[in-house]
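Everything quoted here is computed from the prediction, not taken from an experiment.
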Amino acid sequence: KAVNNVNTIINKELTGKNVFDQKQIDQIMIDLDGTPNKSKLGANAILGVSLACAKLGAKLKGQPLYEYLGNTNSYVMPVPMMNIINGGKHADNNVNIQEFMIMPVGAKNFTEGLRMCAEVYHSLKSVLKSQGYQTAVGDEGGFAPNFSSDEDAFKNILLAIEKTGYTSNKDFKLAVDVAGTEMFDEAKKIGKDGYYYFWKTNQLYSQKEMIDYWEDMIKKYPICSIEDPLGEEDWAGWQEMTKKLGTEKDGTLNLDYCKYCYKDGEFIDKVDMKEYIEMCSKFGFQAGMTNEEMKVFCEKLFPTLKRWKTK
């Protein structure tokens, strides 16, 4: 079906269009599909055509794909996320959460961010050794010590950031890949369908308790990204968690807070909303910034915008 959609519907609309206008090509397909989840034409069909056009454009320009996309559309490198402590199915330790990561949001560029991450990684090794923890690594290269609780991972990472001379929340924020589906499935194995089981430490959480757990962690630590905190089939849980936490710490722009560029349903300078959201997120925008923090952030990122609005 996807192939047929490409050869018929999409082919008809894109024939004769400029292959170098990637944004127009993508927007035509998005509009043609007209659904929020690409269910009419199929995400595979749309993505396949988009990539094919991008690769063709790069070939015609004689450039590698990354260079073509960067130069043509002025995209920027995202803030790196470095996995420095492993748990869950990725390590033979007693930590349930699968990945603990650091994000150098205070870095000026990707190169500096990568260097900062490497410094904290080596600092963490020293911090762990000084407390008698093992410094063997898990499946993805992060350290895999046995802590008294999963929360100890956050504490030790913050200590490593401090020992390196950086400031948490300013220079670095934290991220996690919980792999909640693993915990959801482990609970099923012990007859607790709909619960979450930290099987390595024998802790059982209800859906509400799991959401409350992450709300508590977010309040205690500078966490700006949480991947898979719940089971992939726990639809009711995702709705509740999004309602409770999604507008506060999801690491992306939230229009409830973005009062400078956005007003009364429209951006002040008539720019593309999606492009701004993606751009700001990559440069470390965090929902919950004060007015002054937001203004400094926006003025630095978009020096051409002069007409600021306040709450």
**Student:** Measure the acute angle between the ring planes of F154 and F100, then classify it against the limits of 30° and 60° as parallel, tilted or perpendicular.
**Tutor:**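 Perpendicular, since the angle between the ring planes exceeds 60°.
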**Student:** Less than 4.5 Å apart, any side-chain heavy atom of I190 and any of W199?
**Tutor:**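 Not touching, per the 4.5 Å side-chain cut-off.
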**Student:** Is D171 reaching over with its side chain to a backbone N or O of V105, donor-acceptor style, under 3.5 angstrom?
**Tutor:**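 It does not hold such a pair.
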**Student:** Has N96 got a side-chain atom pairing as donor or acceptor with G88's backbone, closer than 3.5 angstrom?
**Tutor:**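 Checking the backbone N and O of G88 against the side chain of N96, no donor-acceptor pair under 3.5 Å is found.
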**Student:** Ignoring hydrogens and angles, tell me if any N or O in the side chain of D193 forms a donor-acceptor pair with the backbone of K188 under 3.5 Å.
**Tutor:**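 Between the backbone of K188 and the side chain of D193 there is no qualifying donor-acceptor contact (under 3.5 Å).
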**Student:** Evaluate salt bridge (charged side-chain N to carboxylate O under 4.0 Å, His left out) for K192 paired with E186, printing each intermediate quantity in order.
**Tutor:** CA-CA 9 Å; K192 290 292 185 179; E186 289 294 330; over 6 Å; no
**Student:** Set out, in order, the CA-CA distance, both residues' side-chain angles and the distance that settles ring pair (Phe, Tyr, Trp, His ring centres under 6.0 Å) for Y213 and Y196, then state yes or no.
**Tutor:** CA-CA 11 Å; Y213 175 86; Y196 292 86; over 10 Å; no
**Student:** Taking A160's backbone N and O only, do any of them form a donor-acceptor pair with S123's side chain (distance below 3.5 Å, no angle check)?
**Tutor:**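 Such a contact is found between S123 side chain and A160 backbone.
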**Student:** Taking only Lys NZ, Arg NE, NH1 and NH2, and the carboxylate oxygens of Asp or Glu, determine whether K89 and D139 approach each other closer than 4.0 Å.
**Tutor:**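 No.
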**Student:** Compare every heavy atom of K38 with every heavy atom of D33, then report the nearest pair and how far apart it is.
**Tutor:**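 That closest heavy-atom pairing would be OD2-CA, 3.2 Å.
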**Student:** On a heavy-atom basis, which atom in A45 and which in A2 lie closest, and how many Å separate them?
**Tutor:**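 Scanning both residues, the minimum pair turns out to be CB-O, 3.7 Å.
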**Student:** Are there over 12 heavy-atom neighbours, none belonging to E140, within less than 6.0 Å of that residue's CD?
**Tutor:**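 Correct, the count exceeds 12.
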**Student:** Could you check whether any side-chain N or O of Q63 sits under 3.5 Å from a backbone N or O of K59, counting only pairs where one atom can act as donor and the other as acceptor?
**Tutor:**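 No, the answer is negative, given that no donor and acceptor are paired below the 3.5 Å cut-off.
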**Student:** Please lay out, stage by stage, how D216 and K220 fare under the test salt bridge (charged side-chain N to carboxylate O under 4.0 Å, His left out).
**Tutor:** CA-CA 6 Å; D216 183 49; K220 289 182 178 180; 3.4 Å; yes
**Student:** Under the salt bridge (charged side-chain N to carboxylate O under 4.0 Å, His left out) rule, what do E119 and K163 come out as? Steps first, then yes or no, please.
**Tutor:** CA-CA 10 Å; E119 291 172 349; K163 293 285 186 182; over 6 Å; no
**Student:** Considering only heavy atoms from C-beta outward, does the side chain of D31 approach that of I28 to under 4.5 Å?
**Tutor:**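 The answer is no; the side chains never approach within 4.5 Å.
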**Student:** Out of curiosity, H90 NE2 to D177 CG, how far, rounded to the nearest 0.5 Å?
**Tutor:**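 One finds 7.5 Å between NE2 of H90 and CG of D177.
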**Student:** Considering all heavy atoms of both residues, which atom of V178 and which atom of I97 are nearest to each other, and what is their separation?
**Tutor:**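 Scanning both residues, the minimum pair turns out to be CA-CG2, 4.0 Å.
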**Student:** List the steps and the verdict of salt bridge (charged side-chain N to carboxylate O under 4.0 Å, His left out) for K17 and D21.
**Tutor:** CA-CA 8 Å; K17 296 296 188 292; D21 195 341; over 6 Å; no
**Student:** Using the benzene-type ring in the case of Trp, are the ring centres of Y133 and F143 under 6.0 Å apart?
**Tutor:**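 Between Y133 and F143, the centre distance exceeds or equals 6.0 Å.
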**Student:** Whether K61 and E67 form a salt bridge (side-chain N of Lys/Arg under 4.0 Å from carboxylate O of Asp/Glu) is what I want to check.
**Tutor:**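 The answer is no: the pair does not qualify as a salt bridge.
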**Student:** Can you give me the closest heavy-atom contact between K200 and G87, atom names plus distance?
**Tutor:**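 Residues K200 and G87, closest heavy atoms: NZ-C, 4.1 Å.
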